[in-house]
Amino acid sequence: MRRVLVLGGTGWLGSAVARAALADGAQVVCLARGASGDVPAGARLVRADRGEPGAYDALAGDWDDVVEIAYDPVLVAGALDALADRAQHWTLVSSVSVYARADEPGADESAALVEPRDLTAYPDAKVAAERASTARLGDRLLLARPGLIVGPGDPSDRFGYWPARLRRGGRVLVPTPEGRHVQVIDVDDLAAWLVAAGRDRTTGAVDAVGRPVPLADVLAEVRDAAASDAELVPVDDATLLAHDVRYWAGPRSLPLWLPAEHTGFALRDGSAYLAAGGTLRPLRDTITRVLADEVARGVDRPRRAGLTPDEERGVLAAVGS
């Protein structure tokens, strides 16, 4: 039986990968502290703090595939030292954030990367992890570079903000949508591909991204799925910024909103992913699943990303909309 090791497995993406590997018939072991919860039924959890000596001592034998999700230099280096010689294939989950420019629509895996200088910065650390892994593993390595990962249970609250907000109805503050796109990949599509790519020994760099969709179309699809009578109130970038509304994610943000000059971030070329066997479910399917998850968790709950109702009302009142 194929042996798959997930370095993680209790967090959001790691759990999805473990479930997909189990569904694919693999024996799955997850190495994690277990702080995020338990592993999926059928997987074995080896509890360890990867920052401590001896973290990998309980992992005996060889592995058909190792899936690494971390990007902390200490964790990445420790795993490579302990396991690289015992892995037939290694998948490093990186990110499209490794690319130096976000203003090149249609860019692919050949685009220039960030030069890592500050390893506390996410893009820099991801590039450093790629380089360390490449140096140690060579042609046994898959560099999977996902775009925005979305789906039920997403702890970032980015994509889910919109189904939850439109479900609540009323007047909804949105960025001016003209010229903007959204490019997401469903967490379960990504996880299934990561497992299949490991089984098939896929190597090299692959941008695991979805189809670009105009932001206006995404919002319309979300509103329709939510059976919402919400009124979308578009406000231009300068006005939003003047009222301390922030890009992309985090508190007081409008999730998925990016600076206008970042035209290429959500318009990457995803042909390599499809050629490598990746699949993309219809966006409506993902929206429906996310909406159901948001309703179950509470559309009024405190969030890690987006405007609170009071913040949104304040901006709408201030801009006279």
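Residue numbers run from 1 in the order of the sequence given. Computation of the quantities below employed the complete heavy-atom set of this structure, encompassing side-chain atoms and omitting hydrogens, waters and symmetry-equivalent molecules.
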Begin with the C-alpha distance, continue with both residues' side-chain angles, and end with the deciding distance and a verdict on salt bridge (Lys or Arg N to Asp or Glu O under 4.0 Å) for Asp62 and Arg3. CA-CA 8 Å; Asp62 295 336; Arg3 301 184 76 217; over 6 Å; no

Are Leu254 and Val299 joined in one hydrophobic group, where the rule is that I, L, V, M, F, W and Y side chains link up if heavy atoms are under 4.5 Å apart? no

Out of curiosity, does Leu148 fall in the hydrophobic cluster containing Val93 (side-chain heavy atoms, cut-off under 4.5 Å, transitive links)? no

Is it the case that one hydrophobic cluster holds both Val98 and Leu13, taking links as side-chain heavy atoms less than 4.5 Å apart, direct or via other members? no

Within 45 degrees of the axis of the six-membered ring of Tyr99 and under 6.0 Å from its centre: does Arg268 put its NZ or CZ there? yes

Check: Asp108 side chain, Ser110 main-chain N or O, donor-acceptor pair, under 3.5 Å: yes

Going by heavy atoms in the side chains, are Leu22 and Val4 under 4.5 Å from each other? no

Of Arg50, Arg136, Lys126, the residue whose pairing with Glu68 passes salt bridge (charged side-chain N to carboxylate O under 4.0 Å, His left out): Arg50

Classify the ring geometry between Phe265 and Trp248 as parallel (under 30°), tilted (30 to 60°) or perpendicular (over 60°). perpendicular

List the atom of Ala305, the atom of Tyr161, and the distance in Å for their closest heavy-atom pair. O-CD1, 3.8 Å

Look only at the side chain of Arg167 and the backbone of Val295, and say whether a donor-acceptor pair between them is shorter than 3.5 Å. no

For Arg304, is the CZ atom crowded, meaning more than 12 foreign heavy atoms sit under 6.0 Å from it? no

Closest approach of Arg158 and Pro255, non-hydrogen atoms and distance? O-CB, 3.3 Å

Nearest 0.5 angstrom please: Arg171 CZ to Leu316 CG, how far? 5.5 Å

To the nearest 0.5 Å, how far apart are CD in Glu221 and CD1 in Ile287? 5.0 Å

Shortest non-hydrogen contact between Val6 and Gly14, atoms and distance: CG1-O, 4.0 Å

May I ask you to list the residues sharing a hydrophobic cluster with Trp63, side-chain cutoff 4.5 Å, ordered by chain and number? Leu5, Leu7, Val29, Leu31, Val46, Tyr56, Leu59, Val66, Val76, Leu80, Leu83, Trp90, Leu92, Leu137, Leu141, Leu143

Does the Ser15 side chain pair with the main chain of Trp12, one donor and one acceptor, at a distance under 3.5 Å? no

Check this for me: Tyr71, atom OH, are more than 12 non-hydrogen atoms of other residues, nucleotides or ligands nearer than 6.0 Å? no

Can a donor-acceptor pair be found between the side chains of Asp236 and Thr176 at a distance below 3.5 Å? no

Counting N and O atoms only, with roles assigned by atom type, does the side chain of Arg165 sit under 3.5 Å from a partner on the main chain of Gly169, one being a donor and the other an acceptor? yes

Measure the spacing between CD of Glu311 and NE2 of His243 and express it to the nearest 0.5 Å. 13.5 Å

Ignoring hydrogens and geometry, is there a side-chain-to-backbone donor-acceptor pair from Arg140 to Ala84 under 3.5 Å? yes

Return the CG to CZ distance between Asp285 and Arg289, rounded to the nearest 0.5 Å. 6.0 Å

Check the side chains of Asp310 and Thr308 for a donor-acceptor pair under 3.5 angstrom, ignoring hydrogens and angles. no

Does the Thr288 side chain pair with the main chain of Arg284, one donor and one acceptor, at a distance under 3.5 Å? yes

Shortest non-hydrogen pair, Pro175 vs Trp257, comes out as CB-CD1, 3.4 Å

Are Leu291 and Val187 linked, directly or through other ILVMFWY residues, by side chains that come within less than 4.5 angstrom of each other? no

Using only heavy-atom distances, determine whether the side chains of Thr202 and Asp200 contain a donor-acceptor pair under 3.5 Å. no

Give a yes or no on whether the backbone of Gly61 and the side-chain of Arg86 come within a donor-acceptor separation of less than 3.5 Å. yes

Modelled atom types, side-chain donor and acceptor of Arg44 and Gln27, under 3.5 Å: no

Side-chain heavy atoms nearer than 4.5 Å, only ILVMFWY residues, links allowed to pass through others: does that put Leu267 and Val182 together? no

To the nearest 0.5 Å, how far apart are CD in Glu104 and CG in Asp269? 12.5 Å

